[in-house]
Amino acid sequence: MTDLRDVTLRDGLQLTGKPLPTARKVAVIRELLAAGVPSIEIGSMARPDLVPPLADTLDVIRLLEPGELARCWVWVATPRHVERAGEAGAVNFQYCLSASDAHNRANLGRSTEDSLAAMPRAASAAAAAGGRIQLCIATSFTCPFDGAVPEDRVLAIARDPRAQGAGDIVLCDTLGQAVPAQVTSLVARVAAETPPRRIVYHGHDTWGLGVANTLAAIAAGASEVDGALGGLGGCPFAPGASGNASTEDLLFAVRPPWLTPSSFARIVRLSGDLLDELGEPNRSRAAQGARTSATAFPWAIGERLSPGGGRPARG
């Protein structure tokens, strides 16, 4: 079974110009969990001056209950990140590095080798916090500085003994430039040629293939996929990156067992309200489709989007 992780509150907020208050972040987390979303990425330990919208991540962690934190992930890039987030109560850590050395230096200020060398200490810190860690490989397909990334480069990282502590491998189409055949090939090779682990696919919709690529990843063996409400998001250190694959679009396409028309409507409304607050466009085609006047369709919610594209208007 493949399921979804919502990354709105980390990847989704990285490029927003308007900050989201801490209390509102916590409310969004609880609304998503109540709607049935299995897991959520709630923030990042990146330097606050570099990614201001995520500067309050530790405050968000501290406001959540242990049962909630069991379903929440935090982006980390160093062992110290893991330690600080763990001290605040986090138990799920996404340790990120880039397949492309140029992007790793732009994103993290060090080489990919340096990041990989620190992973065993990060894994030990996660275990000490009573948690788990996954290895997230950004730019698994293309790099904004170096271009195409060879599959063998990604496989070498996934096979590296220093990544043994990771229970999951996250393959990221950071720029949204991959096509389904590439996604199928890489996911299938990681599944067949690296140690057995859960494979997570993280896609962007820059070239309009976010859903298609995600479905290709699922067919090739990915057991979890990432999305953001309304297709929000992008990487501030990857020129050309745009929004994530939309949570609403992925849910409508995949239909995980927990999803019902009622829970889908709840998520669509939450997304509309949140994007309206942020002043961001809603790029989800499923959210637009849900406003259809053909209300005999069980997934329709009988509302239309406001002219700004966010909060729905009754009618």
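Owing to the predicted nature of the structure, the values given are computational and were not obtained by experimental measurement.
- Checking R132 against N92 by side-chain atom types alone, a donor-acceptor pair falls below 3.5 Å.
- Residue L209 holds its CG atom at 11.0 Å from CG of L215, rounded to the nearest 0.5 Å.
- Not one N or O on the side chain of S263 forms a donor-acceptor pair closer than 3.5 Å with the backbone of L259.
- A distance-only check finds a donor-acceptor pair linking the side chain of K18 to the backbone of E277 [under 3.5 Å].
- A salt bridge links E87 with R80: the closest approach of a Lys/Arg side-chain nitrogen to an acidic carboxylate oxygen falls below 4.0 angstrom.
- Of the possible polar contacts, none joining the N104 side chain to the L108 backbone as a donor-acceptor pair under 3.5 Å is found.
- The shortest side-chain heavy-atom distance between D168 and R197 does not fall under the 4.5 Å cut-off.
- When only modelled atom types and interatomic distance are considered, E224 and T2 share no side-chain donor-acceptor pair under 3.5 Å.
- If you check the side chains of D146 and H103, you find no donor sitting under 3.5 Å from an acceptor.
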(message) Does Q164 form a side-chain contact (heavy atoms from CB on, under 4.5 Å) with R159? I'd like the steps, not just the answer.
(response) CA-CA 8 Å; Q164 287 180 351; R159 280 195 293 255; over 6 Å; no

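- Relative orientation of the F252 and F297 rings is perpendicular, given thresholds of 30° and 60° on the angle between their planes.
- At a cut-off of 3.5 Å, with distance as the only test, no side-chain donor of H204 or N213 sits close to an acceptor on the other residue.
- A117 pairs by the side chain to side chain contact (heavy atoms under 4.5 Å, CB included) definition with E113, R162, not counting sequence neighbours.
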(request) Any chance you could lay out the salt bridge (Lys or Arg N to Asp or Glu O under 4.0 Å) test for E248 and R285, step after step, and finish with the verdict? (result) CA-CA 8 Å; E248 301 95 307; R285 298 300 297 272; over 6 Å; no

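- With respect to D226 and R5, a salt bridge is recorded, a charged nitrogen being found less than 4.0 Å from a carboxylate O.
- Taking the side chain as every heavy atom from C-beta outward, V76 and Q94 never approach each other to under 4.5 Å.
- For D59 and K25, the salt-bridge test fails: no basic side-chain N is under 4.0 Å from an acidic carboxylate O.
- Across all non-hydrogen atoms, the minimal contact from S223 to R198 is OG-CG, 2.5 Å.
- Defined by atom type and a distance below 3.5 Å, a donor-acceptor pair is present between the side-chain atoms of E151 and S185.
- Here the side chains of H202 and N244 are in contact, with some heavy-atom distance below 4.5 Å.
- For the 3.5 Å distance criterion, the side chains of W75 and D11 fail to qualify, holding no donor opposite an acceptor.
- Here the closest non-hydrogen pair linking D152 and R189 is OD1-NH2, 3.0 Å.
- Taking a 6.0 Å sphere around CZ of R84, one finds it holds 12 or fewer heavy atoms contributed by other residues, nucleotides or ligands.
- Contact detail for T194 and A158: the closest heavy-atom pair is CG2-CB, 3.7 Å.
- A continuous path of ILVMFWY side-chain contacts below 4.5 Å connects L20 to M45, so both sit in one hydrophobic cluster.
- Side-chain atoms of L54 and L13, non-hydrogen and from C-beta on, do get closer than 4.5 Å to each other.
- In this structure, the side chain of T139 does not engage the main chain of T142 through any donor-acceptor pair within 3.5 Å.
- In the model, T112 has no side-chain atom that pairs as donor or acceptor with a side-chain atom of S115 under 3.5 Å.
- L251 places a side-chain heavy atom less than 4.5 Å from the side chain of P256.
- For the pair V225 and I218, the minimum side-chain heavy-atom distance is below 4.5 Å.
- A pairwise comparison of heavy atoms in W258 and G36 identifies CD2-O, 3.3 Å as the closest pair.
- Side-chain rings of W73 and F93 stay apart, their centers remaining 6.0 Å or farther from each other.
- In this structure, the side chains of I169 and V200 stay at 4.5 Å or more apart for every pair of heavy atoms.
- From L135, atom CG reaches atom CE of M119 across 5.0 Å, with rounding to the nearest 0.5 Å.
- Side-chain atoms of N282 come within 3.5 Å of backbone N or O of S284 as a donor-acceptor pair.
- The pair R105-D101 meets the salt-bridge criterion, with a side-chain N (NZ, NE, NH1 or NH2) lying under 4.0 Å from an Asp/Glu carboxylate O.
- Under the 4.5 Å side-chain heavy-atom criterion for grouping Ile, Leu, Val, Met, Phe, Trp and Tyr, V7 is not connected to V60 through any hydrophobic cluster.
- Partner of I29 under the side-chain contact (heavy atoms from CB on, under 4.5 Å) criterion, chosen from L64, D6, L69: L64.
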